[in-house]
Engineer: 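This is the structure, below, for whatever I ask next.
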Amino acid sequence: MKVTVVINRRPEIADPEGTTVRRALHELGFTEVAEVRMDRVIHLDVDDDDQDRVRDRVDVMCSRLLANPVLEDYLVVLG
Amino acid sequence: MKVTVVINRRPEIADPEGTTVRRALHELGFTEVAEVRMDRVIHLDVDDDDQDRVRDRVDVMCSRLLANPVLEDYLVVLG
Amino acid sequence: MRVAVVVFPGSNCERDVADVLHDLGAETHLVWHRETDLTGFDGVVLPGGFAHGDALRTGAIARFSPVMAEVARLAAVGAPVLGICNGFQILCEAGLLPGAFIANRDLAFICRFVEVEVADTGTFLTAGTRLGSVLRIPLNSYEGNWVDPTGQGRIVLRYVDDPNGSQAGAAAVASAEGNVVGVMPHPERASDPLLGSDDGLVLLSGFLGAPVPV
Amino acid sequence: MTAVTESVHRRLGMTDDEYEMVVDVLGREPRPAELAMYSVMWSEHCSYKSSRAYLSRFPTSAPWVVVGPGENAGVVDIGDGWLAAIRIESHNHPSFVEPYQGAATGVGGILRDVFTMGARPVALWDQIRFGPLDRPHNRYLFKGVVAGIAGYGNAVGVPTVGGEIEFDVCYEGNPLVNVLCLGVMHRDELVLGTAGEPGSIAVLLGKATGRDGIGGASVLASASFDEAATEKRPSVQVGDPFEEKKLIEACLELYRRHLVVGVQDLGAAGLTCAVSEPAARAGVGITLDLGEVHVREGGMTPPELLMSESQERMMAYVRPEMLEEVLTVAEHWEIESSVVGVVGEGDMVTVRHDGEVVAEVPADSLSGGAPLYHRPVARPDWLDELWESYVPPTVASPAETLLALLSDPSIGSSAWIHEQYDHMLFLNTVVGPGGDGALIRVRGTNKGLAVSTDGNGRLCLLDPRRGAARLVFEAALNVAVAGARPLAVVDNLNFGNPEKPEVMWQLVETVEGISEACEAMGIPVVGGNVSFYNETNDRDVNPTPVVGLLGLADPMPIDPPRLQRARPGMEIWVIGPDPTPNFAGSSLQRLQGAPTGRPTAPRPDVATPMIEDVARLAHVTPVLHDVSDGGLAVAVAEICIASGTGAVVETDDPVWLFGEDPHRVVVIAESGSALPGRRIGRMWAGDLVIGDETLSLETIATTWHRALPDALGV
Ligand SMILES: Nc1ncnc2c1ncn2[C@@H]1O[C@H](COP(=O)(O)OP(=O)(O)O)[C@@H](O)[C@H]1O
Ligand SMILES: [Mg+2]
């Protein structure tokens, strides 16, 4: 089963990379870009077809390894 | 307008992050994870409400700066 | 020889390489990345560092710096253009060299001496070396893993023991004409036996057109 | 006092008595912004209120001291118009909350302390301590901290050339992350943290201010961990080495062109500190307009703006006629700037926001007026028991014992760590990580600067005074091995809860020990840092002073000693006093159990001449190696591994092989040399032979190289 995990940095946490990219876009003339935030998506291919179990297990993977709970929130999407 | 750009590394290009995360998940006992791929998501906040123009301009941002055509494909999602 | 060493915001090896080139007899100038005129320079170096903090991808933003049009012009007229580490990454992003960089295979920054073997003596960088000679030079990068989907890149130096997964073991790559060269390890760091090796001098002398044989 | 304000000051970490002191100073109830300012400036972290009374014991003067403790970094004269700036700082609590960012911002902070003084930062050292690596969480913290130091240090472009690592259960819930930075400058580039004359203008340079780190100093670093960890946790600071790199270059250009009268970095206590300390030092007043501060997020309140610990910011004090040039320099380096204040007569810090005065307080009541606590001090009653319960370790086979020591991650190779750090940038690293002290050349001169950092929690638990003194002597010997003479010390005092009399006793003894050792060698303490409340769930860490010692090699040895230079046929000598059969606090004891006994006392009378001898030998000897963790056997094994040369050690006495008594150095010398010590063996083209046992070079090398990677499972 395919699982997509979307990891977002919490809004109150600074995102220096996003700021640098915004500045670069402005220099290239894309001044309409007011904000840039950089996030991650993790695609998992899981050898298991039990939706409930997969959801539970991926949730544990996120809280233990994939996301950093101090800085990030995550969202698990099956399929 | 909010725009989400998803940058993904072409499948034929190695993904050391994905490989490392898969190995770490296996060590933690999540051996059902057969593959891991990491993508990047860029959230843009664009001061412009003209959907067509925004789509065109973000497309140019991607092909010029946000994605590297040697390694990556991209997808632009409005809203 | 008059050499421009380009300084991007976030470059950090510019003074190191300028000092060593100076000691080898060059007239070196640090040139800010907003410079738009490199007239009068015989060659240009893009030094190591973290231009623009490596935001997005290494070299992704630096390649749009105003100075890059002049770097491309010098490359087109056949002047020697050398990218070291981050400079190599910038040259790839700018399309002046083939390929691109991804993270090291083991996902760790690597700072240590590595051995590289000369695979092509037809570039300025390797003009003073012999095919197959082995040089000891420090590597210092997180994204040193070169990828070239075309498989056509001209490889100038190869790692003896692959430290990072780089395609075909490439440690240095040249343009088809041979006057644009990117090298991932830092020849300027192998410039004095007191620092562990002076094997980099033959490469930098080659850049200055005064190769000393090994 | 109303119930409302009472709860506000307590929430800011202030006691009721401290609140009353504020009321006394002001002659009225403080406004919210004022209360915020006092709470951060009077926090333990910023004011040293529990330690100040005792730190005054340190010897701080010497003819070569240019700036002693109290400024952002200590500065010493190294001759011929050159100065060196040095400082050490802890980031323990932030690194526990978020190891990568905590360590990264620790590096950012210590760099600012050094380039604030006018010096270009030339090298970093990290001293890191964790619980044992068999616990996954400790591995997570350790890897995160190393990645954070690498991530920030490499990208900001300052090499990390050495450090120290220790694993012990006492750091389980409370890792220690200290970072030391060394800078070099010309004499005329020295800048102090002064606001200058009335009329000077305060220019805020660097990153935009956000809500990050609000209350970090007062809450996170000044309270026990279990309390702070929960809801009081401020939002985590994220390091931005790219901004700091630009800020370094911009500031160095300002100094070179003499465009500023003073500079203060914004670390803990943010803007509050950046206006009050320079104003107090200069004896002037200042008016700060918060509306002018460039911000990352809208709607920040005056207390938030005044307390934010956003990274990568500096306050420059500028004469009005220089202002335009200063702003042009900032623009050139692509950093943001804003003109936020004006220096005036008087002594008041006045803060305006939206046209209103939100704070008006005497500058020096913030920086110098903090309460001074003489907290109760009591020798722990468990100490005698610890001393008396000493059991000597058992050594059935010296070879097996050596292998056990070499496979200890506190002793094995640190390559897994230091190969992730750029340790070669600037082409000055003559002796880098992997030896004793690191040696940095000062180009344009014949000088070298050597720094060694040393800490040892077990030793200091058993006897903080002896332990701390021994650290100073050990660090001095480590720089002597590089050919340098000791010049100055910085210290980082990592302790538990100062409200416990036993912890205060440990601090007092430690300060005494460091002071005695410095006095014996005639060197000053030029700076330091105190980190209290390193406790989790009522368990304090071992008292862990970390000593950073700066030495000057002038001239630098032409071919400095290196472990690699040992060759077959050379002789192995040990110089220094013979060891005693006392393993208290040693690595061997740790392998076999808990620390017990009373460590051997240092011998100041022996140390000083010996350090001089060793510094002289460094000019003529291929290999010098200080005997420390794991004793002589480990020192010789390290020489064998580095040089690929075998050794024959003509003793199997555990006291000689594994004792860690102070003041001993291994010398590898050409055969026939006459040295002031004992010849205990020779190098040869074979294996490592100890008494009648033999270990292959490959076995010892693999064991030593794999110690840390195996413990990490990589
Ligand atoms: N955390 C670290 N970061 C960088 N280098 C380290 C670290 N820990 C140890 N080292 C390096 O490893 C070498 C040995 O360290 P250590 O055993 O503490 O030395 P010593 O006992 O002589 O003080 C030193 O050169 C030191 O700089
Ligand atoms: Mg030591």
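To find a chain, count down the sequence lines: A is the first, B the second, and so on, and within it residues start at 1.
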Engineer: Could you check Val36(B) against Ile42(A) for side-chain contact (heavy atoms from CB on, under 4.5 Å), going step by step and ending with a plain yes or no?
Structural biologist: CA-CA 7 Å; Val36(B) 180; Ile42(A) 305 178; 3.6 Å; yes

Engineer: Are Leu44(B) and Leu25(A) close enough that some pair of their side-chain heavy atoms sits under 4.5 Å apart?
Structural biologist: yes

Engineer: So do Leu28(A) and Met61(B) actually touch side chain to side chain, heavy atoms under 4.5 Å?
Structural biologist: no

Engineer: For Leu65(B), is it the side chain, the backbone, both, or neither that has a heavy atom closer than 4.5 Å to a heavy atom of chain A?
Structural biologist: side chain

Engineer: Quick one, Phe30(A) with Val46(B), criterion side-chain contact (heavy atoms from CB on, under 4.5 Å). Give me CA distance, side-chain angles, the key distance, then yes/no.
Structural biologist: CA-CA 9 Å; Phe30(A) 300 106; Val46(B) 182; over 6 Å; no

Engineer: Is Leu66(B) in contact with chain A via its backbone, its side chain, both, or neither, using a 4.5 Å heavy-atom distance?
Structural biologist: side chain

Engineer: Could you list each donor and acceptor atom pair linking chain A to chain B at less than 3.5 Å?
Structural biologist:
from     : atom 1 : to       : atom 2 : distance (Å)
Glu17(A) : OE2    : Arg40(B) : NH2    : 3.3
Gly29(A) : O      : Arg57(B) : NH2    : 3.2
Glu32(A) : O      : Asp47(B) : N      : 2.7
Glu32(A) : OE1    : Arg57(B) : NH2    : 2.9
Glu32(A) : OE2    : Arg57(B) : NE     : 2.7
Glu32(A) : OE2    : Arg57(B) : NH2    : 3.2
Ala34(A) : N      : Asp45(B) : O      : 2.6
Glu35(A) : N      : Asp45(B) : O      : 3.3
Glu35(A) : O      : Asp45(B) : N      : 2.8
Arg37(A) : N      : His43(B) : O      : 2.9
Arg37(A) : O      : His43(B) : N      : 2.8
Asp39(A) : N      : Val41(B) : O      : 2.7
Asp39(A) : O      : Val41(B) : N      : 2.9
Asp39(A) : OD2    : His43(B) : NE2    : 3.1
Val41(A) : N      : Asp39(B) : O      : 3.0
Val41(A) : O      : Asp39(B) : N      : 2.7
His43(A) : N      : Arg37(B) : O      : 2.8
His43(A) : O      : Arg37(B) : N      : 2.9
His43(A) : NE2    : Asp39(B) : OD2    : 2.7
Asp45(A) : N      : Glu35(B) : O      : 2.8
Asp45(A) : O      : Ala34(B) : N      : 2.6
Asp45(A) : O      : Glu35(B) : N      : 3.3
Asp47(A) : N      : Glu32(B) : O      : 2.7
Arg57(A) : NE     : Glu32(B) : OE2    : 2.7
Arg57(A) : NH2    : Gly29(B) : O      : 3.3
Arg57(A) : NH2    : Glu32(B) : OE1    : 2.9
Arg57(A) : NH2    : Glu32(B) : OE2    : 3.2

